[in-house]
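When a ligand or atom number is given, it counts from 1 through the structure's own listing order.
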Amino acid sequence: MTDITCPNCNVFNNVNDSKCWKCGQPLPNELKEAALQKEQDAKNQEVAAKSAAIEKARETCDWSTVSHADIEKEASNIILTTSFMVAGREIKEEIEIISAECVYGMNIFKDIMASARDFFGGRSATTQKALRDARKTALTELKREALMVGADAVISIDLDYQEMSVGTNQTMVMLVASGTAVKLQ
Ligand SMILES: [Zn+2]
């Protein structure tokens, strides 16, 4: 909260107040404007510092100075495609192959129910939801990976599901999303 000092009695007042709460003298408009300007400048400076940090991280691939939220936001702009090109964009450089894994468990009861329903020609909502969630998680992770290597997009994405048995009544499914991280023109 921004506050201004009363020129008459030196106490702090809320910037939105028209009169001093203590002495009742009207608070000059110039003081208000100056206080609001200062607040705006601080905000602008913060935004500028943020973008500077992101720009530097992009160049150096060192994201340690960028907040988690900003990394997420930047990563969400990464383009993902199963195609070998990005529509309407030129690929400047292929950086490297990247991958992201997501492992999730499905208990045998769910699996049996799923196969029973599949057997009768229905779709298993539980399995489908689990697979969809896993895919989303893996692709989000892939975007983050891409950002970390300085990419703008990931092309030729391939999703690979691998089933693993863990113990007697637990099945784990591993989803691997991989692709080529590229820099766009
Ligand atoms: Zn006052």
Side-chain angles (χ1 to χ4, degrees), residues 1-81 86-96 98-105 125-126 129-155 157 175 177-185:
M1 185 47 86
T2 307
D3 39 37
I4 47 179
T5 314
C6 170
N8 189 40
C9 65
N10 261 334
V11 299
F12 284 125
N13 280 271
N14 188 303
V15 73
N16 296 316
D17 293 343
S18 50
K19 277 183 194 166
C20 173
W21 62 269
K22 199 176 176 195
C23 68
Q25 290 289 316
L27 297 163
N29 247 330
E30 306 88 77
L31 278 183
K32 265 182 224 179
E33 277 159 21
L36 289 173
Q37 186 60 49
K38 209 173 140 191
E39 192 184 44
Q40 190 58 48
D41 287 349
K43 262 188 204 153
N44 291 346
Q45 217 163 43
E46 201 182 306
V47 170
K50 231 182 206 184
S51 4
I54 290 170
E55 202 159 306
K56 198 178 162 218
R58 275 191 176 284
E59 274 169 32
T60 59
C61 288
D62 173 10
W63 289 81
S64 57
T65 57
V66 182
S67 77
H68 189 72
D70 284 337
I71 289 175
E72 293 294 299
K73 214 168 113 194
E74 284 299 302
S76 69
N77 294 327
I78 300 276
I79 300 166
L80 300 181
T81 177
V86 178
R89 301 289 297 272
E90 198 128 334
I91 291 166
K92 190 164 78 182
E93 183 195 342
E94 286 176 20
I95 302 169
E96 63 180 351
I98 57 169
S99 67
E101 297 81 24
C102 174
V103 178
Y104 60 101
T126 325
K129 189 184 179 304
L131 290 173
R132 197 164 46 230
D133 288 351
R135 191 181 62 225
K136 272 189 189 163
T137 307
L139 290 178
T140 304
E141 186 60 42
L142 196 65
K143 282 185 173 187
R144 208 174 299 133
E145 257 335 283
L147 185 70
M148 294 301 135
V149 298
D152 303 306
V154 186
I155 59 166
I157 292 176
L175 170 57
S178 56
T180 305
V182 298
K183 246 190 205 329
L184 298 174
Q185 204 70 270

Side-chain polar contacts of residues 18-37 - donor-acceptor pairs under 3.5 angstrom, sequence neighbours left out - could you list them?
from	atom 1	to	atom 2	distance (Å)
Trp21	NE1	Phe12	O	2.7
Lys32	NZ	Asp17	O	3.4
Gln37	NE2	Asp41	OD1	3.0

Measure the spacing between [atom1] of [X] and [atom2] of [Y] and express it to the nearest 0.5 Å.
| X | Y | atom1 | atom2 | answer |
| --- | --- | --- | --- | --- |
| Asn13 | Asp3 | CG | CG | 8.5 Å |
| Ser51 | Glu46 | OG | CD | 10.5 Å |
| Lys38 | Ile4 | NZ | CD1 | 12.0 Å |

Worksheet entry | Atoms of type N/O/S from protein, distance to the Zn ion (ligand 1) below 2.8 Å |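 There are 4 of them.
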Worksheet entry | Of all pairs that satisfy salt bridge (Lys or Arg N to Asp or Glu O under 4.0 Å), the ones with a partner from residues 60-74, not counting sequence neighbours |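 Sorted result for residues 60-74: Lys50-Asp70, Arg58-Glu74, Glu72-Arg144.
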Worksheet item: Which residues satisfy the side chain to side chain contact (heavy atoms under 4.5 Å, CB included) test with Thr65, sequence neighbours excluded?
Response: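 Result, side chain to side chain contact (heavy atoms under 4.5 Å, CB included) vs Thr65: Ala53.
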